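One structure is given below, encoded as structure tokens.
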Amino acid sequence: MVSELVIDVQPKEISIAVLEDKKLVEIQKEARNVSFAVGDVYLGKVKKLMPGLNAAFIDVGYSKDAFLHYQDLGSNFSTLQKFLKTVSSAEKKKLPAIGKMQRNSEIPKEGSITDLLTQNDEVLVQIAKEPISTKGPRLTSEISFAGRFLVAIPFGDKVSVSQKIKSNEERARLRQLILSIKPKNFGVIVRTSAEGKKVAELDTELRTLVKRWDDNMGKLLKAKVPSLVFEETGRAVALLRDIFNPSFEHIYVNDQDVYNEIHDYVSIIAPDRKGIIEHYSGELPIFDNFAITKQIKSGFRKTVTFKSGAYLIVESTEAMHVIDVNSGNRSKSSTGQENTAIDVNIAAADEIARQLRLRDMGGIIVIDFIDMHESENRNKLYEHMRNAMALDRARHNILPLSKFGLMQITRQRVRPAMDFNTAETCPTCFGKGEIQSSILFTDTLEEQIKNVVENLKVKKFKLHVHPYIAAFVNQGFFSLKMKWKMKYSLSMKIIPDQSLGFLEYKFFDWDKNEFDMKDEESLSS
């Protein structure tokens, strides 16, 4: 299987798509000014204690207070609080060395949060789950810094090795290796990707993670509550860190700065693979060029077709996601009901596994498969679903089919599920049902071109329009495009853009910065 990463960098957001054999399997979309992302570390203040929940609400600067449960304090919470108090009373504004601190005893597993915290206490916390729906962020006080091979945990002392490393000899080797190189008062989790790695690689990454703690904790000396102490790596690099593997053949980026950031990161973790990174500079939008826009519009609909007329119905609520499997015109097949059911269900399992990754659906997922009467087929479907989800990086648990033919899946949820609105509201009538004659649309475009030329004094730009409109404007030897260029003495490129509605348009300068057409309209009025 060939994996590719395509990164679309826009002024307001970054979208990251993962392709496996040219098929879209994951997409992340994040605003460039995003706050409260998983992994960010904050200095917060206790706003309210909830003894009944054994939890506290913490002010970290979000509109709703964040939630911190006793079980998420971490066993070394008392040592962390001791460190904070030492920082606040530090003379000469010097950060205390973590390796020289005396660790306190671990807090009891079954204790009360009121024994450890009081209102207005300052706490060092890390975002464990992003704000979802009406809920604020979920926090943990077991601070950790993740790398590609290791996770460093300040004030810890244990070395844990991923259970996915099956070889007992390799697990023992990694444990002894880390014990010999780890600094005092740092716990370490060895990730699956560390299997077979040499001590030099692991030592370099561990030193980098420890330095990350030292560099960022210095901010505590001048920090005011609440404040951001450590910001997680850029989204593109963070995703790459988790999924990077030798099967990647290409990483395409359409922004020079993000390209440099990723190139620097890959040069450190895999110098022999830095050649797979390419800066995309084509005229077409990068997602259009790699057929991702089309897959988004077909993959995020309520109804998703997958094989010979069979389809899924995907419904989401606050509590769970429900997926219904339908055979469509396959029900007319002469191969028999049981054979049709297992054939459609197996294909549906593959598409559902893709949809869970693609939409990043978390929580409880209930799937209503087509009824099957033979227990052998039911077991076959269960095993196939487990294999189909083997590549899913999110923690999940799959239950066998119930007697009603329902399969229940729980999947880790750390951020809101992805949702793309694939229905296009008419850009002219805005859903009212009446639009101007489409034949007049080219007149509207010419008016806007005139505004850009005469009011903004710009004679070199790119006009993005729907592919059908682009074809119409470019058709013929003496095309509309040619007429406009001659009439206004301008240099213009018509770019077909699949993300736009039929009568939508956008103007960009030569550096791909979009014009604000509202300002242009006000200038012309």
Side-chain angles (χ1 to χ4, degrees), residues 8-13 15 29 31-32 254-255 280-298 300-301 419-525:
D8 180 20
V9 182
Q10 298 297 328
K12 294 183 179 180
E13 65 185 16
S15 300
K29 192 174 184 180
R32 300 192 72 174
N254 67 343
D255 181 85
Y280 175 79
S281 56
E283 293 293 350
L284 283 176
I286 189 170
F287 274 12
D288 287 10
N289 186 70
F290 292 98
I292 294 171
T293 305
K294 185 177 180 180
Q295 293 190 61
I296 289 174
K297 290 190 175 184
S298 63
F300 280 86
R301 295 181 300 175
D419 184 30
F420 287 82
N421 185 11
T422 56
E424 295 178 358
T425 300
C426 173
T428 305
C429 74
F430 301 103
K432 295 178 182 178
E434 294 181 356
I435 66 172
Q436 67 175 15
S437 174
S438 58
I439 199 168
L440 300 177
F441 180 61
T442 53
D443 294 339
T444 302
L445 280 182
E446 184 173 354
E447 288 176 8
Q448 295 302 329
I449 290 171
K450 182 179 179 181
N451 289 340
V452 172
V453 173
E454 295 184 355
N455 296 323
L456 290 187
K457 309 300 181 185
V458 176
K459 290 196 173 185
K460 189 176 182 180
F461 55 83
K462 299 175 183 179
L463 175 57
H464 286 227
V465 291
H466 189 277
Y468 289 171
I469 301 298
F472 179 75
V473 171
N474 284 315
Q475 74 173 351
F477 176 75
F478 200 59
S479 63
L480 273 175
K481 173 186 171 183
M482 182 66 70
K483 292 178 182 177
W484 292 338
K485 291 176 72 172
M486 294 176 64
K487 183 176 181 180
Y488 298 104
S489 301
L490 53 85
S491 176
M492 175 180 65
K493 287 187 177 181
I494 302 293
I495 308 297
D497 192 333
Q498 296 177 15
S499 67
L500 297 180
F502 185 60
L503 300 182
E504 279 186 297
Y505 56 87
K506 291 182 179 179
F507 284 85
F508 292 83
D509 64 21
W510 229 245
D511 295 324
K512 299 183 179 180
N513 298 311
E514 184 179 356
F515 296 160
D516 188 344
M517 297 310 297
K518 291 181 180 179
D519 290 345
E520 293 167 25
E521 290 167 4
S522 64
L523 283 170
S524 63
S525 61

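What you see is a predicted model, and the numbers here were worked out from it, not measured in a lab. These numbers come from the heavy atoms of this one structure, side chains and all, not from hydrogens, waters or symmetry mates.
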Does the side chain of Asn474 pick up a donor-acceptor pair with the side chain of Ser479 at under 3.5 Å? no
Which of these passes side-chain contact (heavy atoms from CB on, under 4.5 Å) with Phe507: Gln448, Lys462, Glu514? Gln448
Taking the side chain as every heavy atom from C-beta outward, state whether Leu445 and Leu463 have any atom pair closer than 4.5 Å. yes
Specify the closest pair of heavy atoms between Leu503 and Phe441, including all atoms of both residues, with the distance to one decimal. O-CE1, 3.2 Å
With sequence neighbours excluded, residues passing salt bridge (charged side-chain N to carboxylate O under 4.0 Å, His left out) with Lys493: Glu283
Side-chain donor/acceptor of Asp8 to backbone N/O of Ser15, under 3.5 Å: no
Mind checking what makes ring pair (Phe, Tyr, Trp, His ring centres under 6.0 Å) contact with Tyr488, not counting sequence neighbours? none
With heavy-atom distances below 4.5 Å as the criterion, would you say the side chains of Pro285 and Ile495 are in contact? yes
Do any N or O atoms from the side chain of Lys506 and from the backbone of Asp497 form a donor-acceptor pair under 3.5 angstrom? no
For residues Phe472 and Thr442, determine if any side-chain heavy atom of one lies less than 4.5 Å from a side-chain heavy atom of the other. yes
Non-neighbouring partners of Pro496 that pass side chain to side chain contact (heavy atoms under 4.5 Å, CB included), sequence neighbours left out: Leu284, Pro467, Ala470
Minimum heavy-atom separation for Ile494 to Lys481, with atom names? CG1-CD, 3.8 Å
When rounded to the nearest 0.5 angstrom, what is the spacing between CD in Gln295 and CZ in Phe287? 10.5 Å
For residues His466 and Leu500, report the shortest heavy-atom separation together with the two atoms involved. CD2-O, 3.3 Å
When rounded to the nearest 0.5 angstrom, what is the spacing between CE in Met492 and CD1 in Ile449? 4.5 Å
All side chain to side chain contact (heavy atoms under 4.5 Å, CB included) counterparts of Phe478, not counting sequence neighbours: Met482, Lys483, Met486
Classify the ring geometry between Phe508 and His464 as parallel (under 30°), tilted (30 to 60°) or perpendicular (over 60°). tilted
Just verifying a value: how many Å separate Gln498 CD and Lys297 NZ, rounded to the nearest 0.5 Å? 7.0 Å
List for me each residue that meets ring pair (Phe, Tyr, Trp, His ring centres under 6.0 Å) alongside Tyr280, sequence neighbours excluded, and say none if there are none. none
For the pair Val458 and Phe515, evaluate side chain to side chain contact (heavy atoms under 4.5 Å, CB included) and give the outcome as yes or no after the intermediate values. CA-CA 10 Å; Val458 176; Phe515 296 160; 3.9 Å; yes
Among all residues two or more places apart in sequence or in another chain, which pass the salt bridge (charged side-chain N to carboxylate O under 4.0 Å, His left out) test with Lys485? none
